[in-house]
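Note that the numbering runs from 1 along the sequence shown for the chain.
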Amino acid sequence: MRPSLLDPLFAPVTRLPGVGPRLAVLFDRLLGEPERPARLVDLLFHLPNGGIDRRLRAKLADALIGETVTVEIVVESYRKPPAGRRVPFRVLTGDDTGDLTLVFFNPRPGQVEKLLPLGERRWVSGEIALFDGQRQMVHPARILDERQLETLPAVEPIYGLTEGLSPRLLHKAALAALERLPAMPEWLDPTLLAQQHWPGFAEALHLLHAPDSPEALAPENPALARLAYDELLASQLSLVMIRAQARAARGRSTKGDGRLRERIVAALPFSLTGGQRQALDEILADMAGEDRMLRLLQGDVGSGKTIVGLLAMATAIEAGRQAALMAPTEILARQHFERIAPLAEAAGITVALLTGRDRASQRAASLAGLADGTIQLVVGTHALFQDAVQFHDLALAVVDEQHRFGVHQRLALSSKGAAVDLLVMTATPIPRTLVLTFFGDMDASSLREKPAGRQPIDTRLVALDRLDETVEAIGRAIAAGAKVYWVCPLVAESDQSDLAAATERFEVLRARFPGRVGLVHGQMTGPDKDAAVADFVSGATRILVATTVIEVGVDVPDATVMVIEHAERFGLAQLHQLRGRVGRGSARSSCILLYKAPPGQIAEARLKIMRETEDGFRIAEEDLKLRGEGEVLGTRQSGMPGFRIARLDIHAALLQTARADAELILRQDAELATERGQALRVLLYLFERDAAVRLLRAG
């Protein structure tokens with residue numbers, strides 16, 4: 001159970017004074033989640049992203065144009081808009097050095113006169129601009145009398161907001177939440193605190209929500225670094241505890257004699273790369289050990305990780321047990337099955353495909369074969385971890401494109417047998433910091449080489465106003481026997497977007513190349529998708545217009561041209577994955593990135609990197625710098641430990657320290673029973689890494 005100490009922080013924001021039902025809806029929209037209202041802890045962890053300096057006090061003659069300033073003025077006269085005229089309400093004010101016009105658009109009746117009574121002295125804070133050579137301030141941020149001036153914060157924090165929620169309301173609520181912050185035990189190592197000159201937890205929150213200077217909100221500020229480290233430590237401690245618990249459950253040694261692996265390698269049209277052999281050695285060593293394997297295999301696009309996975313599964317079958325491969329989509333599961341089936345047949349392995357679309361008789365036969373062990377290897381979608389699926393003796397679960405599954409789903413598959421070894425594979429190269437963050441409970445192997453004979457891909461940037469030239473070039477390519485992917489970002493036109501729709505592009509290209517163009521997108525039925533891909537594979541169609549449904553796994557070795565329309569709208573990892581659909585055979589391939597000119601600064605940087613390199617690991621590091629960790633692995637998934645405070649582009653060095661600290665804690669105080677251990681339990685609950693604490697009780 002969560003320590004009672006934390007109860008005030010997990011109370012809804014409606015417990016704060018002034019936050020009634022109307023405001024609660026806005027706070028829930030900004031900070032809550034489905035089925036969970038916004039809480040005080042959400043408010044406190046919603047930190048400012050900047051601040052407005054209200055300390056600058058000046059006479060009007062000294063105030064700089066375009067700078068935020070607080071000035072003392074006397075209200076001299078009003079210029080009210082004539083009835084029915086849409087002109088602003090102007091208030092003429094000044095001090096002994098000059099004049100200032102205050103401008104208000106559509107104020108409520110009587111509002112301006114109440115705030116700025118004639119002849120009275122007031123302080124106004126805002127940005128001064130010039131209009132027709134006269135100083136003016138449009139809608140001052142603050143209008144204060146002498147008494148209110150004393151309460152004006154030196155620096156006003158700037159927060160991310162939602163429509164209807166003002167900065168002042170959010171700041172007032174955050175300060176009220178700070179007053180309810182209980183006294184926390186110190187969970188950080190005192191030596192680290194002293195070395196880094198970090199404040200305590202409560203002091204750090206106060207420094208950020210009530211800053212005394214804009215510099216106090218800088219990303220490298222000690223207060224923010226302290227809270228980022230708290231979050232990273234909670235994350236890493238929970239990961240090492242989950243890893244320790246998984247390894248504590250006794251594994252089973254799985255050793256093969258190599259006979260099936262030899263047959264598969266003999267049936268391959270290429271020899272294994274050095275990277276593939278090394279990764280396979282690491283996996284086989286894990287499988288042979290007494291501990292359960294938890295390993296991540298990340299390979300760059302086209303590096304041959306599926307073959308490594310198949311050879312690992314063959315080892316499990318050599319040992320008289322079973323293996324399963326789970327893919328995130330039916331298209332990918334079917335492709336894996338079609339690629340694996342002939343190799344399995346050559347080795348004498350019985351293999352089946354299990355998806356949600358199987359006919360009842362086919363499904364019943366597959367379930368029976370898995371239960372009695374006659375099916376040695378199964379390829380499927382999430383249908384594999386349904387209750388009805390029972391294995392005779394599952395030794396190895398291989399999960400492809402792990403980041404598309406939640407952590408709980410991968411654990412569900414590995415619980416289908418006794419001490420199942422787990423290998424997760426991704427074709428999305430992951431930056432080192434993210435491997436530690438998202439897969440910190442696993443060992444990692446990387447495939448960086450491409451199989452021999454693969455040609456480099458010629459990547460070109462082409463402005464969209466040269467679309468007609470591109471279509472003509474595509475025509476020449478298919479006349480010469482090429483197959484072409486044409487990727488669009490949306491399925492249909494929407495009012496909000498001017499993106500070319502896949503359906504519209506399909507119609508245009510079909511009119512130009514009748515009978516030679518196919519279409520595949522996420523809203524099609526499974527059989528229709530399969531048919532469209534099959535036509536492209538067979539050559540019945542030569543151009544496949546697609547959305548990003550083809551991003552991962554679709555493998556047509558003789559496709560040599562990739563056109564990505566509105567490439568400036570895609571992330572780097574996605575562009576790299578899409579480009580990786582070509583260049584999979586021995587023929588030269590090209591990728592045309594069609595962009596709308598001029599691209600934005602970040603889009604231009606992405607496109608430049610794509611032109612410079614095909615190294616997915618370098619691309620992943622650049623992507624992290626450009627976008628932050630939230631999007632590098634694709635859409636955020638449940639089960640992914642997203643951060644609210646820490647930023648890996650800034651705090652990556654702290655992540656390494658947190659990992660080392662977490663491992664030391666586990667060695668010295670595995671049950672978190674010491675005084676610091678008890679404080680760390682509070683930290684885990686505070687950052688909602690409760691699962692790790694539950695493991696302590698269960699273990």
State, yes or no, whether a side-chain contact exists between [X] and [Y] at a heavy-atom distance under 4.5 Å.
| X | Y | result |
| --- | --- | --- |
| Gln195 | Thr191 | yes |
| Asp42 | Glu33 | no |
| Arg644 | Glu688 | yes |
| Ile665 | Asp661 | yes |
| Pro117 | Arg122 | yes |
| Phe104 | Leu102 | yes |
| Pro8 | Leu40 | no |
| Leu683 | Leu188 | no |

Smallest separation among heavy atoms of [X] and [Y], with atom names:
| X | Y | result |
| --- | --- | --- |
| Leu6 | Tyr685 | CD1-CB, 3.7 Å |
| Pro222 | His197 | CB-O, 3.8 Å |
| Ala210 | Leu175 | CB-CD2, 4.2 Å |
| Pro107 | Val112 | CB-CG2, 3.8 Å |
| Ala141 | Arg168 | O-NH2, 2.7 Å |
| Leu205 | Leu47 | CD2-CD2, 4.2 Å |

Inset, instruction - Please lay out, stage by stage, how Leu16 and Lys172 fare under the test side-chain contact (heavy atoms from CB on, under 4.5 Å). - result: CA-CA 10 Å; Leu16 296 173; Lys172 183 180 175 184; over 6 Å; no
Inset, instruction - State, without any angle test, whether His566 and Glu568 hold a side-chain donor-acceptor pair at a distance under 3.5 Å. - result: yes
Legend entry - Pairs satisfying side-chain hydrogen bond (donor to acceptor under 3.5 Å, both in side chains), at least one member in residues 55-68, at least two apart: Asp53-Arg55, Lys59-Asp96
Legend entry - ring pair (Phe, Tyr, Trp, His ring centres under 6.0 Å) partners for Tyr229, two or more places apart: Trp198
Answer yes or no: is there a donor N or O on one side and an acceptor on the other, between the side chain of [X] and the main chain of [Y], under 3.5 Å?
| X | Y | value |
| --- | --- | --- |
| Glu231 | Ile645 | yes |
| Arg689 | Phe687 | yes |
| His576 | Met610 | no |
| Arg90 | Thr101 | no |
| Arg180 | Leu9 | no |
| Asp132 | Gln134 | no |
| His139 | Phe105 | yes |

Point-to-point distance, once rounded to the nearest 0.5 Å, from [atom1] of [X] to [atom2] of [Y]:
| X | Y | atom1 | atom2 | result |
| --- | --- | --- | --- | --- |
| Asp212 | Leu207 | CG | CG | 7.0 Å |
| Asp230 | Leu680 | CG | CG | 10.0 Å |
| Arg681 | Trp187 | CZ | CH2 | 15.0 Å |
| Ile609 | Leu572 | CD1 | CG | 5.0 Å |
| Leu593 | Glu565 | CG | CD | 12.0 Å |
| Ile128 | Leu60 | CD1 | CG | 5.5 Å |

Inset, instruction - Only counting residues at least two apart or in another chain, list the ones meeting salt bridge (charged side-chain N to carboxylate O under 4.0 Å, His left out) with Glu150. - result: none
Inset, instruction - Step by step, work out the side-chain contact (heavy atoms from CB on, under 4.5 Å) result for Leu170 and Leu30. - result: CA-CA 11 Å; Leu170 196 143; Leu30 179 67; 3.5 Å; yes
Inset, instruction - Classify the ring geometry between Phe201 and Phe45 as parallel (under 30°), tilted (30 to 60°) or perpendicular (over 60°). - result: perpendicular
Should the heavy atoms of other residues, nucleotides or ligands under 6.0 Å from [atom1] of [X] be counted, would the total exceed 12?
| X | atom1 | answer |
| --- | --- | --- |
| Glu186 | CD | yes |
| Arg36 | CZ | yes |
| Gln148 | CD | yes |

Inset, instruction - Mind running salt bridge (charged side-chain N to carboxylate O under 4.0 Å, His left out) on Glu622 and Lys608 for me, showing each step along the way? - result: CA-CA 11 Å; Glu622 297 291 342; Lys608 183 168 176 280; over 6 Å; no
Inset, instruction - Under the side-chain hydrogen bond (donor to acceptor under 3.5 Å, both in side chains) rule, collect the residues that match up with Thr14, sequence neighbours excluded. - result: none
Using residues 69-77 as the side-chain source, report each donor-acceptor pair under 3.5 Å to any protein atom, sequence neighbours left out, with the distance given to one decimal.
| unit_1 | atom_1 | unit_2 | atom_2 | d |
| --- | --- | --- | --- | --- |
| Thr70 | OG1 | Arg54 | O | 3.4 |
| Thr70 | OG1 | Ser125 | OG | 2.9 |

Legend entry - side-chain contact (heavy atoms from CB on, under 4.5 Å) between Leu217 and Ile158, intermediate numbers included: CA-CA 10 Å; Leu217 298 169; Ile158 299 169; over 6 Å; no
Inset, instruction - Apply the side-chain hydrogen bond (donor to acceptor under 3.5 Å, both in side chains) test between Thr459 and each candidate in Arg611, Arg579, Glu612; give the one that qualifies. - result: Arg579
Inset, instruction - Just grab all the salt bridge (charged side-chain N to carboxylate O under 4.0 Å, His left out) pairs involving residues 21-32, residues at least two apart or on different chains. - result: none
Legend entry - Trace of the side-chain contact (heavy atoms from CB on, under 4.5 Å) decision for Leu594 with Arg466: CA-CA 9 Å; Leu594 286 172; Arg466 293 173 57 199; over 6 Å; no
